[in-house]
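Notes follow the structure.
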Amino acid sequence: MRTFVTGVCVATTFADGDGERRHEAVTVRSLVSVSLQPPLISMVLPREAGFFTSLLASRVWTVSILDVAGDDLARSFGADPETRARALRTCVTWAGPRTGALVLAASAWLECRLYEWRGFADSAVVIGEVLATGGRRRRPPLVSLNGALRTLACSRADSRPPLAQPLPRATSDHPAGAVARIGEEP
């Protein structure tokens, strides 16, 4: 499966307890559109992770779809729980308008409500109904191929960088962009 190109995202959710909300985030490389009507997506998560337990409790999450500037976020949220918590405290986020789960400054995002899940061995397929979407100015997407983070090569007519160029560093320019609720015009 290392030779199959996948997009790279960060999923966020939260757990409420003792009067506090604890936000969590994890890198996801398995986001798939399941249905357009109703709008459904799926992602695969490790079952033993605290993130999965929190998602089942809150029943909501966001998925922030990363572009080439998000390579540091993908690495941080793909690490151990302490590194993920530290990264979540230091990156630019805002509460999703429909779920309250954190949205990362990324090229696009989806807010979801749990629709269904199925467990398989050490993983779970989580299906979510898309409640809202948003996005901003696009750069080339961040992808995973052969275990490495990359960007896609583009034609010469396209102004985006080719695959051979190193990934650029993230900037502090993080506009929230437009928000669209499913079934409504943006």
Has [X] got a side-chain atom pairing as donor or acceptor with [Y]'s backbone, closer than 3.5 angstrom?
| X | Y | answer |
| --- | --- | --- |
| Thr90 | Ala87 | yes |
| Asn146 | Ala148 | no |
| Glu111 | Leu131 | no |
| Ser35 | Pro38 | yes |

Same cluster for [X] and [Y] if Ile/Leu/Val/Met/Phe/Trp/Tyr side chains link at under 4.5 Å?
| X | Y | result |
| --- | --- | --- |
| Trp117 | Val130 | yes |
| Val44 | Phe51 | no |
| Leu40 | Leu110 | no |

Just wondering, do [Y] and [X] contact through their side chains at under 4.5 Å, heavy atoms?
| X | Y | answer |
| --- | --- | --- |
| Cys112 | Ile41 | yes |
| Leu55 | Met43 | yes |
| Trp109 | Trp94 | yes |
| Thr151 | Leu142 | no |
| Thr93 | Leu104 | yes |
| Thr27 | Arg29 | yes |
| Val63 | Val28 | no |

Side-chain donor-acceptor pairs of residues 5-19 under 3.5 Å, sequence neighbours excluded:
{"unit_1": "Thr12", "atom_1": "OG1", "unit_2": "Thr62", "atom_2": "OG1", "d": "2.5"}
{"unit_1": "Thr12", "atom_1": "OG1", "unit_2": "Leu102", "atom_2": "O", "d": "2.3"}
{"unit_1": "Thr13", "atom_1": "OG1", "unit_2": "Ser58", "atom_2": "OG", "d": "2.8"}
{"unit_1": "Thr13", "atom_1": "OG1", "unit_2": "Val60", "atom_2": "O", "d": "2.7"}
{"unit_1": "Asp16", "atom_1": "OD1", "unit_2": "Arg21", "atom_2": "NE", "d": "2.8"}
{"unit_1": "Asp16", "atom_1": "OD2", "unit_2": "Arg21", "atom_2": "NH2", "d": "3.1"}

So, taking the atom named [atom1] in [X] and the one named [atom2] in [Y], what distance separates them when rounded to the nearest 0.5 Å?
| X | Y | atom1 | atom2 | answer |
| --- | --- | --- | --- | --- |
| Ser42 | Leu31 | OG | CG | 7.0 Å |
| Thr83 | Leu88 | OG1 | CG | 12.5 Å |
| Phe4 | Ser30 | CZ | OG | 11.0 Å |
| Arg98 | Arg113 | CZ | CZ | 7.0 Å |

Glu82 and Arg84: CA distance, side-chain angles, deciding distance, salt bridge (Lys or Arg N to Asp or Glu O under 4.0 Å) verdict: CA-CA 5 Å; Glu82 185 177 306; Arg84 294 193 315 255; over 6 Å; no
Lys/Arg N to Asp/Glu carboxylate O, Glu24 vs Arg22, below 4.0 Å: yes
Salt-bridge contact Asp71-Arg75 (side-chain N to carboxylate O under 4.0 Å):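 A salt bridge links Asp71 with Arg75.
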Val143 and Leu149: CA distance, side-chain angles, deciding distance, side chain to side chain contact (heavy atoms under 4.5 Å, CB included) verdict: CA-CA 6 Å; Val143 298; Leu149 298 174; over 6 Å; no
Ring pair (Phe, Tyr, Trp, His ring centres under 6.0 Å) partners for Tyr115, two or more places apart: none
With a 3.5 Å cut-off and sequence neighbours excluded, list the donor-acceptor pairs that the side chains of residues 119-127 form with protein atoms.
none

Test log, rule side chain to side chain contact (heavy atoms under 4.5 Å, CB included), inputs Cys91 and Phe77: CA-CA 11 Å; Cys91 70; Phe77 292 116; 4.1 Å; yes
